Amino acid sequence: MNRLYIAIVGLFILVSCGRLEKKEFKLDEVELEDCIEERKMLFLPTGWIKSDRQYYGDGFMEYYSYADKSIISVLCGENAELNFSQLFDEEKHSRKESIARLIIMYENVSTERKAEFDKAFDKMME
């Protein structure tokens with residue numbers, strides 16, 4: 001009887017795992033010219049709205065904002081820092097990476113969209 005119970009539970013687990021679908025996220029490829037005029041490819045979650053590039057003495061800052069108030073910031077240049085804002089909800093997520101002379105950061109990302117933004121950043125880190 002125990003063997004039958006174990007076999008049924010095992011079969012149930014296998015069937016349940018087979019139904020789990022790995023969620024695929026669509027990413028937009030965005031070409032960016034960096035501070036020394038080299039082209040870089042960014043991978044961003046779809047749905048962004050690009051703001052104007054803001055220049056400062058040694059480089060530029062570029063923002064990609066989303067309808068849900070998530071933000072991706074890109075800093076290219078020296079003598080500047082990219083820091084997380086203190087204005088966003090503490091239950092939101094943020095991440096900062098340095099990728100080939102660029103500092104790229106996301107912040108104010110909900111738990112539901114964190115995996116999507118992480119996938120984009122992981123792809124840029126490859």
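For clarity, every value in this text was computed on a predicted model and none was experimentally measured.
We find the CZ-CD distance between Arg39 and Glu31 to be 4.5 Å, quoted to the nearest 0.5 Å. Separation of atoms CE (Met105) and OG (Ser98) is listed at 13.0 Å; rounding is to 0.5 Å. The distance from atom CD of Glu81 to atom CG of Leu75, rounded to the nearest 0.5 Å, is 9.5 Å. Phe60 CZ to Leu32 CG: the interatomic distance, rounded to the nearest 0.5 Å, is 4.5 Å. Taking OH of Tyr56 as the start and CD of Gln54 as the end, the distance is 12.0 Å to the nearest 0.5 Å. Put simply, CG on Leu27 and NZ on Lys123 are 7.5 Å apart, with the number rounded to the nearest 0.5 Å.
Although no hydrogens or angles enter the test, the distance criterion places no donor-acceptor pair under 3.5 Å between the side chain of Tyr106 and the main chain of Phe121.
For the pair Ser85/Asn108, no side-chain contact is recorded, criterion being any heavy-atom separation below 4.5 Å from C-beta on. Looking at heavy atoms from C-beta onward, Glu62 lies out of side-chain contact with Ser73 at the 4.5 angstrom threshold.
The stretch residues 81-126 participates, sequence neighbours left out, in no disulfide (SG to SG under 2.5 Å) pair at all. The salt bridge (charged side-chain N to carboxylate O under 4.0 Å, His left out) contacts involving residues 94-111 comprise Asp34-Arg101, Glu38-Arg101, Arg95-Glu97, Arg95-Asp118, Arg95-Asp122, where partners must be two or more places apart or lie in separate chains. Pairs engaging residues 63-73 under the salt bridge (charged side-chain N to carboxylate O under 4.0 Å, His left out) rule: Asp68-Arg113 [sequence neighbours left out].
Annotation: cation-pi geometry not satisfied between Lys119 and Phe25 (NZ/CZ under 6.0 angstrom from ring centroid, within 45° of ring axis).
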Criterion side chain to side chain contact (heavy atoms under 4.5 Å, CB included) on Trp48 and Ile72, from CA distance to verdict: CA-CA 9 Å; Trp48 55 271; Ile72 293 179; over 6 Å; no
Chi angles and distances behind the side chain to side chain contact (heavy atoms under 4.5 Å, CB included) call for Tyr66, Val109: CA-CA 10 Å; Tyr66 292 80; Val109 173; over 6 Å; no
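Closest heavy-atom contact between Glu116 and Pro45: OE2-CB, 3.4 Å. Scanning both residues, His93 and Thr111, for their nearest heavy atoms gives NE2-OG1, 2.9 Å. Across every non-hydrogen atom of Cys35 and Gly59, the tightest pair is SG-CA, 4.3 Å.
In terms of hydrophobic clustering, with Ile, Leu, Val, Met, Phe, Trp and Tyr side chains grouped at heavy-atom distances under 4.5 Å, Val74 and Phe43 are assigned to a common cluster. Met124 and Met41 fall within a single hydrophobic cluster, where Ile, Leu, Val, Met, Phe, Trp and Tyr are joined by side-chain heavy atoms under 4.5 Å apart, directly or via other members. Hydrophobic clustering places Met61 together with Phe84 (ILVMFWY residues linked when any side-chain heavy atoms are closer than 4.5 Å, directly or through intermediates). Hydrophobic clustering of Ile, Leu, Val, Met, Phe, Trp and Tyr side chains at less than 4.5 Å, counting indirect connections, unites Leu102 with Tyr55. Hydrophobic clustering (side-chain heavy atoms under 4.5 Å, transitive across Ile, Leu, Val, Met, Phe, Trp, Tyr) groups Leu44 together with Met125.
Sparse packing is recorded around CD of Glu91, with 12 or fewer heavy atoms of other residues, nucleotides or ligands lying under 6.0 Å away.
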